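Worksheet: one structure, shown below.
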There are 2 protein chains.
Amino acid sequence: MTATPLPLAQSSQDAQGGACCAPIARQPLSEGDAAELAVLLKAAADPVRLRLLSMIGSHAGGEACVCDLTDAFDLTAPTISHHLKVLRTAGLIDGERRGTWVYYRIIPEAVNKLGALFTPLSEPVSA
Amino acid sequence: MTATPLPLAQSSQDAQGGACCAPIARQPLSEGDAAELAVLLKAAADPVRLRLLSMIGSHAGGEACVCDLTDAFDLTAPTISHHLKVLRTAGLIDGERRGTWVYYRIIPEAVNKLGALFTPLSEPVSA
DNA sequence: CTATGATTTAGATGAACATCGAACCAATAG
DNA sequence: CTATTGGTTCGATGTTCATCTAAATCATAG
């Protein structure tokens, strides 16, 4: 970050819950949007976190207890907890303690942002 | 990589050009699929590379010359070249030299894999 | 041959990251 | 209150990464 003094860089038609930006092949991403999306992607770009994400998202009721997640990996509990925190900090999941256990669920809006980003244009700009 | 000797881990219904896996909330990702997708995501999870990707994909004709890309960043040529190589190695873009200049274009199949991964289920599993 | 566009290599540096063990907090069960 | 079990936080460690400078390489055009 060399303190680039760009004046505009409006964050597309973001409404804090919708798709942040146009599909990647529609128009160049602004510097700000790219930074914002990179945070989301960096959180998802790990094999363990990807599996955690899909285990949580595909679990019955849309949520999963940490106790269900830990056993599927050859990692210590602190490491799993760390990965969950990365996902939570990025805004991809949300956690809630209910009694003894902590349950996590996916935040669909965040996943939608990524889905919309990589959605190909239906019309391939001729050729 | 501690040489995990997993025996099965079949790569879903991948056909080397289609969507690798089911959406993230449909079923748990296999260890192999997660690793494969993490490579793709890690390549995309950088502000500079995201912008490169969208600049290439949204450029007229579906391809962009490196000379068009370099000026948009405050980075040296080797650094841009490095980022392009990361994207190319991951299979997200493909480059071709025509005369003096090198042109890059997006590989749609790779982008589609990510799009399909983050596509939400149409039916939100009740609630 | 020379100049331009682009990639590569090598080395260096500072930041970010994945992982672990140990300590710590929260809630339930005796 | 005192275990015990479930999770998180806290350092520490070794690795990966982005970026630069500098130089070398390669391809093409003139």
Side-chain angles (χ1 to χ4, degrees), chain A residues 1-4 29 31 34-53 55-56 59 63-90 92-105, chain B residues 1-4 31 34-35 37-53 55-56 59 63-90 92-105:
Chain A
M1 324 238 172
T2 35
T4 318
L29 280 171
E31 209 168 328
E36 179 190 337
L37 289 166
V39 169
L40 231 50
L41 282 169
K42 227 146 71 146
D46 180 275
V48 173
R49 292 198 287 267
L50 226 34
R51 287 179 63 204
L52 283 172
L53 221 42
M55 288 172 75
I56 294 170
H59 204 268
E63 61 182 15
C65 165
V66 176
C67 57
D68 295 326
L69 305 171
T70 308
D71 298 337
F73 299 88
D74 242 2
L75 300 170
T76 62
T79 299
I80 297 292
S81 209
H82 159 72
H83 284 300
L84 288 171
K85 184 176 192 173
V86 171
L87 290 172
R88 186 156 32 95
T89 302
L92 280 165
I93 62 174
D94 190 22
E96 178 195 359
R97 162 164 243 132
R98 278 208 303 278
T100 306
W101 295 286
V102 176
Y103 296 87
Y104 282 97
R105 80 175 66 77
Chain B
M1 326 244 170
T2 34
T4 318
E31 208 168 329
L37 289 166
V39 169
L40 230 50
L41 282 170
K42 226 147 71 144
D46 179 275
V48 173
R49 292 197 287 269
L50 267 183
R51 287 179 63 206
L52 283 173
L53 221 43
M55 287 172 75
I56 293 170
H59 205 268
E63 62 183 13
C65 165
V66 176
C67 57
D68 294 328
L69 306 172
T70 309
D71 298 337
F73 299 90
D74 242 3
L75 301 171
T76 64
T79 299
I80 297 293
S81 213
H82 158 72
H83 283 301
L84 288 171
K85 184 176 191 172
V86 170
L87 290 172
R88 186 158 29 97
T89 301
L92 280 166
I93 62 175
D94 190 21
E96 178 196 359
R97 161 165 245 132
R98 278 207 304 280
T100 304
W101 295 284
V102 176
Y103 295 87
Y104 281 97
R105 81 174 66 77

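Each chain gets a letter, A, B and so on, in the order its sequence line appears, and its residues count up from 1. Note that the coordinates shown come from a computational prediction; the quantities given were computed from them, not determined experimentally.
- One interatomic measurement links the two molecules: CG of B:Asp71 to P of C:dT4, which rounds to 16 Å at whole-angstrom precision.
- For the pair A:Trp101 CH2 and C:dC25 C1', the interatomic distance rounds to 17 Å; values are reported in whole Å.
- A cation-pi contact links A:Arg51 to A:Phe73, judged by a cut-off of 6.0 Å to the six-membered ring centre and 45° from its axis.
- If you measure from atom CG of A:Asp68 to atom P of D:dT5, you get 18 Å, rounded to the nearest angstrom.
- Residues meeting the salt bridge (charged side-chain N to carboxylate O under 4.0 Å, His left out) test with A:Arg97, sequence neighbours left out: none.
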What string of B, S and - do you get for nucleotides 25-30 of chain D 5' to 3' if you count protein non-hydrogen atoms under 4.0 Å? --SSS-
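- With sequence neighbours left out, the side chain to side chain contact (heavy atoms under 4.5 Å, CB included) criterion links A:His82 to A:Val86.
- Rounding to whole angstrom units, OH of residue B:Tyr103 and C1' of C:dA6 are separated by 13 Å.
- At the heavy-atom level, A:Tyr104 lies under 4.0 Å from the strands shown only through sugar-phosphate atoms.
- Contacts of A:Thr70 classified as side chain to side chain contact (heavy atoms under 4.5 Å, CB included), with partners at least two apart in sequence or in another chain: A:Val66, A:Ile80.
- Residues satisfying the side-chain hydrogen bond (donor to acceptor under 3.5 Å, both in side chains) test with A:Thr79, not counting sequence neighbours, are A:Thr76.
- Spacing between atom CG of B:Leu41 and atom P of D:dC17 amounts to 14 Å, rounded to whole angstrom units.
- In terms of the side-chain hydrogen bond (donor to acceptor under 3.5 Å, both in side chains) criterion, residue partners of A:Arg49 (sequence neighbours excluded) are, by chain and number, A:His83.
- Residues satisfying the side chain to side chain contact (heavy atoms under 4.5 Å, CB included) test with A:Ala45, not counting sequence neighbours, are B:Leu41, B:Lys42, B:Ala45.
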Going 5' to 3' through nucleotides 11-24 of chain C and flagging B where a protein heavy-atom sits under 4.0 Å of the base, S where only the sugar-phosphate is that close, and - otherwise, we get ------SSBBBB--
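- Scored by the side chain to side chain contact (heavy atoms under 4.5 Å, CB included) test, B:Ala77 finds no partners at all (sequence neighbours excluded).
- Remark: B:Lys85 is not in phosphate contact with C:dT7, judged by side-chain N or O atoms under 4.0 Å from OP1 or OP2.
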